[in-house]
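By convention in this document, chain letters (A, B, ...) are assigned in the order of the sequence lines, proteins followed by strands, and residues within each chain are numbered from 1.
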Number of protein chains: 2
Amino acid sequence: MKRTIILYGLALALFVSGLKFLEYRFFVRDLSIEFYISIIVVTFTGLGIWVGLRLTRKKFVFVGGDFKQDANALQRLDITKREYEVLELIAQGLSNKEIADKLFVSLNTIKTHSSNLFLKLEVSRRTQAVQKAKNLRLIP
Amino acid sequence: MKRTIILYGLALALFVSGLKFLEYRFFVRDLSIEFYISIIVVTFTGLGIWVGLRLTRKKFVFVGGDFKQDANALQRLDITKREYEVLELIAQGLSNKEIADKLFVSLNTIKTHSSNLFLKLEVSRRTQAVQKAKNLRLIP
DNA sequence: AGTTAAATCATCCTTTTGGGTGATGATTTT
DNA sequence: AAAATCATCACCCAAAAGGATGATTTAACT
């Protein structure tokens with residue numbers, strides 16, 4: 001944005017110089033004055049468009065940016081690290097058995113974690129858990 | 001976009017009128033010429049910014065806009081209307097029984113539809129189905 | 001009229017999920 | 001050191017989900 005201001009300032013300086021130049025041109029009455037005005041107008045229109053594009057480009061990037069986790073919600077719900085890990089893998093579509101294998105623990109452990117997780121999220125099944133977790137910005 | 005073009009055309013017409021006006025102003029050598037040029041330049045810069053904003057606003061709305069279903073994927077996968085309805089409700093976190101009640105059919109019917117759906121989506125369980133359907137832009 | 005596709009339903013069976021209860025060990029907090 | 005928390009695990013049971021097989025009805029297409 002700083003760069004935009006600097007460049008626009010340069011354009012303004014050019015503009016002021018252009019006006020001084022026109023002041024000299026008045027000694028020679030000439031229709032080509034309109035030509036210079038056209039150039040200046042087109043230049044500044046172009047610059048305006050460019051500024052407009054830059055103003056929104058930042059916002060555009062921001063909208064399309066990376067997932068930002070709501071750490072407050074995570075803390076408020078008192079979800080432990082392990083529970084969160086299980087949640088992530090549930091969201092990836094893994095079965096309990098698959099999750100147990102991936103985390104090198106027993107199936108019982110996963111069931112325990114997911115049960116506790118469901119309690120904290122106040123849901124009855126994994127589909128609800130995933131949906132709620134996305135809504136609360138716990139997972140992407 | 002059409003409106004942008006029309007408005008910009010109007011500005012151009014104003015510009016041309018402005019030039020003619022300047023032509024008259026040459027009979028009275030006056031420093032206020034610079035004043036008129038300034039107005040014209042500022043006007044067109046503003047218009048340029050506006051055009052720039054409009055050019056990206058469309059994209060911006062599109063990104064932040066409502067869900068747009070990929071009907072091609074839906075057709076390609078050969079998912080029937082009823083199957084899609086079941087998918088939607090699965091994604092909302094409903095159990096098969098709940099879905100059956102909502103659609104006034106038997107549990108068996110829902111199991112049939114979801115089985116067929118899973119085949120078409122090439123998944124093994126509802127969490128995978130929901131995830132894949134979102135990735136394919138079948139559901140929001 | 002015959003064929004096809006979609007929707008509906010049933011039955012059987014297996015697997016998976018989820019709730020409850022209880023326990024132990026490790027780590028963190030008081 | 002004691003208490004609390006977290007992770008892990010087991011067992012029991014019921015509910016839910018999922019796969020397979022088969023059938024009927026309806027609507028659309030040839």
Within less than 4.0 Å of OP1 or OP2 of C:dG18, is there a side-chain N or O belonging to A:Arg126?
-> yes
Residue pair B:Thr112/A:Glu83 against DNA chain D: nearer the 5' end by closest nucleotide is A:Glu83
Between A:Leu119 and B:Arg125, just flag the one whose closest nucleotide in DNA chain C comes earlier from the 5' side.
-> B:Arg125
Phosphate contact (C:dA7 OP1 or OP2) by B:Thr80 side-chain N/O below 4.0 Å | yes
Among C:dT8, D:dG18, C:dT17, which nucleotide sits nearest the side chain of B:Arg82?
-> C:dT8
With sugar-phosphate meaning primed atoms plus P, OP1 and OP2, does B:Ser114 contact a base, only sugar-phosphate, or nothing at under 4.0 Å between heavy atoms?
-> nothing
Of all the nucleotides listed (C:dT16, C:dA7, D:dC9), which has the minimum atom distance to the side chain of A:Ser106?
-> D:dC9
Answer yes or no: is there a donor N or O on one side and an acceptor on the other, between the side chain of B:Arg126 and the main chain of A:Thr127, under 3.5 Å?
-> no
So what does B:Asn96 touch, heavy atoms closer than 4.0 Å: a base, only the sugar-phosphate, or nothing?
-> sugar-phosphate
Can a side chain N or O of A:Ser124 be found less than 4.0 Å away from OP1 or OP2 on C:dG18?
-> no
From C:dA10, D:dA7, C:dG19, nucleotide with atom closest to A:Lys81 side chain = D:dA7
So with a 6.0 Å cut-off around NZ of A:Lys134, is the heavy-atom count from everything else above 12?
-> yes
With B:Val105, which of B:Leu103, B:Leu107, B:Asp101 fulfils side chain to side chain contact (heavy atoms under 4.5 Å, CB included)?
-> B:Leu103
